[in-house]
S.K.: 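This is the structure I have questions about; it appears just below.
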Amino acid sequence: MADQKHRILMVSDFFFPNFGGVESHIYYLSQCLLKLGHKVVVMTHAYGNRSGVRYMTGGLKVYYVPWRPFLMQNTLPTVYGTLPIVRTILVREKISLVHGHQAFSTLCHEALMHARTMGYKVVFTDHSLYGFADIGSIHMNKVLQFTLADVSQAICVSHTSKENTVLRSGLPAEKVFMIPNAVDTAMFKPAPERLGNDEIIIVVISRLVYRKGADLLVEVIPEICHLYPNVRFIVGGDGPKRV
Amino acid sequence: MTDFSMVNRRYGYLHECKWPLEAIDMHHVVVRKSNAKGFFVYLSALIVVANAASYLFLVKDKSIIILLWGFLMSVLLVKVMFWNRVMKESVVVMPTFGVQLETHYASGRTVHRFIPIGKILKPVLLECVSPVTCYWSLSLLLHGEAELTLVLKELRPPVKMLIPIWKALCDASDIKEFSDSWKDAN
């Protein structure tokens with residue numbers, strides 16, 4: 001069972017050259033799977049001129065399907081529009097397992113639905129937390145319930161995320177695995193000695209968007225610095241909430 | 001043409017090394033006749049004409065123009081579906097001289113394009129992705145041209161039919177295949 005090699009299709013609207021957590025997660029997971037001897041193919045939408053088939057490190061094949069993104073990097077949802085290309089890719093690459101990423105990706109939902117209709121095994125990974133009250137969240141949660149009704153397994157990246165996903169999608173908790181995001185210790189390791197300072201330095205590195213709590217940060221920093229003069233903040237990143 | 005080297009539901013592939021010069025290499029990809037298509041096209045044409053004729057007879061105060069329009073539409077339908085249909089595409093490889101790409105239509109018209117051997121940088125097999133499908137195509141990289149030149153312009157045969165044509169083009173333009181050049185280097 002452990003020796004069986006799979007041919008995996010990763011589907012998401014979010015992949016390189018776009019840069020972010022989901023993209024890096026898909027890339028590093030694919031590289032690790034390739035090292036274990038499985039075959040991995042990634043399907044995403046075209047980014048500008050970048051359209052067609054490209055090969056990345058380790059023989060990772062990426063299909064940049066020429067569907068135009070319509071809202072925040074998401075492909076236009078047409079329910080059956082992507083069926084021909086998804087089926088073509090599943091058949092020509094002889095895929096055995098489809099892995100979709102990110103609840104916000106319309107391409108992921110459509111591909112999972114089509115793959116499940118054709119009888120393929122399907123896995124879904126949710127990367128973010130979403131709300132319950134506003135109209136956008138309600139709509140997305142309904143779509144998620146539909147897609148995840150027949151998924152083989154689901155993965156969440158933290159306990160909070162698992163709770164959030166189970167509540168939003170109505171999946172039984174036993175079907176959801178919690179696999180936290182990994183840190184590459186070859187690239188990131190703590191300093192061998194603690195840098196002796198009386199100051200406490202808080203480092204924040206993220207995209208400065210609403211979803212990451214950038215507004216909260218802007219409100220909290222002056223208060224804390226006022227209360228504790230030995231605290232310093234270093235903020236790295238860019239985005240619309242940059243002040 | 002029943003002696004195809006490789007055959008598919010839609011395409012047949014044929015390789016010839018003909019008299020008078022055995023050095024000339026010809027590769028043909030032929031579209032196999034589909035009886036169902038002919039049946040449906042002629043049936044639709046007949047239905048259009050029959051409709052026009054019955055309309056004329058039942059509603060007597062209309063002029064014969066309607067029947068003539070019916071005939072015209074049927075003729076246009078048959079022309080579009082059949083007249084401009086591609087029967088065969090050929091690649092004639094003449095080593096040290098050049099490559100001739102031919103497209104033969106059902107109407108008897110043939111379109112030729114000749115490419116001198118010095119102009120070919122490399123023949124490439126590429127996967128082309130469209131919004132609804134993905135297919136293999138054989139193209140030539142030419143000196144001085146920014147765009148790839150498709151070897152088989154209209155037809156899309158499966159990749160196993162394209163491989164012998166690609167190998168013949170590589171040999172003719174003196175490009176060693178990747179495995180060969182690795183062997184030489186090591």
Side-chain angles (χ1 to χ4, degrees), chain A residues 7 9-13 15-17 39-56 59-70 74-95 98 106-107 110-111 113-115 118, chain B residues 6-11 13 29 31 34 36-37 121-142 145-167 169-170 175-183 185-186:
Chain A
R7 300 167 74 90
L9 175 70
M10 301 273 186
V11 185
S12 182
D13 271 309
F15 195 64
F16 297 144
K39 182 188 140 146
V40 183
V41 176
V42 176
M43 177 175 153
T44 182
H45 69 75
Y47 286 88
N49 267 347
R50 192 181 288 216
S51 153
V53 173
R54 295 229 177 177
Y55 289 87
M56 293 181 81
L60 177 64
K61 187 171 182 180
V62 186
Y63 278 86
Y64 288 99
V65 177
W67 277 78
R68 191 169 289 275
F70 85 114
N74 277 319
T75 322
L76 183 69
T78 52
V79 187
Y80 286 107
T82 46
L83 175 61
I85 185 69
V86 167
R87 181 184 170 276
T88 305
I89 293 175
L90 287 171
V91 168
R92 81 203 306 265
E93 303 291 340
K94 302 188 187 57
I95 299 291
V98 179
T106 49
L107 187 63
E110 290 191 16
M113 181 177 77
H114 298 316
M118 288 190 265
Chain B
M6 275 188 257
V7 109
N8 185 341
R9 199 166 155 65
R10 286 181 72 190
Y11 299 111
Y13 166 74
V29 176
V31 178
S34 160
K37 184 178 176 185
L121 259 176
K122 200 174 164 63
V124 284
L125 273 171
L126 290 174
E127 290 182 274
C128 305
V129 182
S130 81
V132 291
T133 187
C134 181
Y135 57 93
W136 285 95
S137 75
L138 177 57
S139 319
L140 294 171
L141 274 167
L142 300 178
E145 283 190 35
E147 292 199 0
L148 293 167
T149 306
L150 281 170
V151 168
L152 299 176
K153 258 202 155 97
E154 312 278 344
L155 302 182
R156 291 183 191 175
V159 70
K160 60 179 188 209
M161 290 186 194
L162 292 176
I163 288 176
I165 309 180
W166 173 71
K167 283 193 174 141
L169 285 167
C170 281
I175 313 277
K176 289 232 164 35
E177 285 168 44
F178 190 71
S179 54
D180 284 342
S181 59
W182 260 116
K183 264 188 244 148
N186 298 329

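Chain identifiers are assigned alphabetically (A, B, ...) following the order of the sequence lines, protein sequences preceding nucleic acid strands; residue numbering begins at 1 within each chain. All values derive from a computational prediction rather than experimental measurement.
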S.K.: Got a sec, which residues hit ring-ring contact (aromatic ring centres under 6.0 Å, His included) with A:Y47, two or more places apart in sequence or on another chain?
M.R.: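 Testing A:Y47 for ring-ring contact (aromatic ring centres under 6.0 Å, His included), a comparison that skips the adjacent residues, returns A:H45.
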
S.K.: A quick test of your reading: do over 12 heavy atoms of other residues, nucleotides or ligands sit less than 6.0 Å from CZ of B:R10?
M.R.: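 Atom CZ in B:R10 is not crowded, with 12 or fewer foreign heavy atoms closer than 6.0 Å.
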
S.K.: Per the side chain to side chain donor-acceptor pair (under 3.5 Å) rule, what does the pair list look like for residues 59-68 of chain A, sequence neighbours excluded?
M.R.: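 For residues 59-68 of chain A, and leaving out neighbouring residues, the side chain to side chain donor-acceptor pair (under 3.5 Å) pairs sorted by first residue read A:K61-A:Y63, A:K61-A:E93, A:K61-B:E127, A:Y63-A:R92, A:Y63-A:E93.
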
S.K.: So B:T133 and A:T88, side-chain contact (heavy atoms from CB on, under 4.5 Å) or not? Walk me through it.
M.R.: CA-CA 6 Å; B:T133 187; A:T88 305; 4.0 Å; yes

S.K.: Looking at A:G81, A:P66, A:P84, which makes the most heavy-atom pairs under 4.5 Å with chain B?
M.R.: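 Heavy-atom pair counts peak at A:P66.
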
S.K.: Given heavy-atom pairs under 4.5 angstrom as the criterion, report whether the side chain, backbone, both or neither of B:C134 touches chain A.
M.R.: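 Both backbone and side chain of B:C134 come within 4.5 Å of chain A.
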
S.K.: Indicate the atoms forming the closest heavy-atom contact of A:V65 with B:V129, along with that distance.
M.R.: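 It is CA-CG1, 4.2 Å.
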
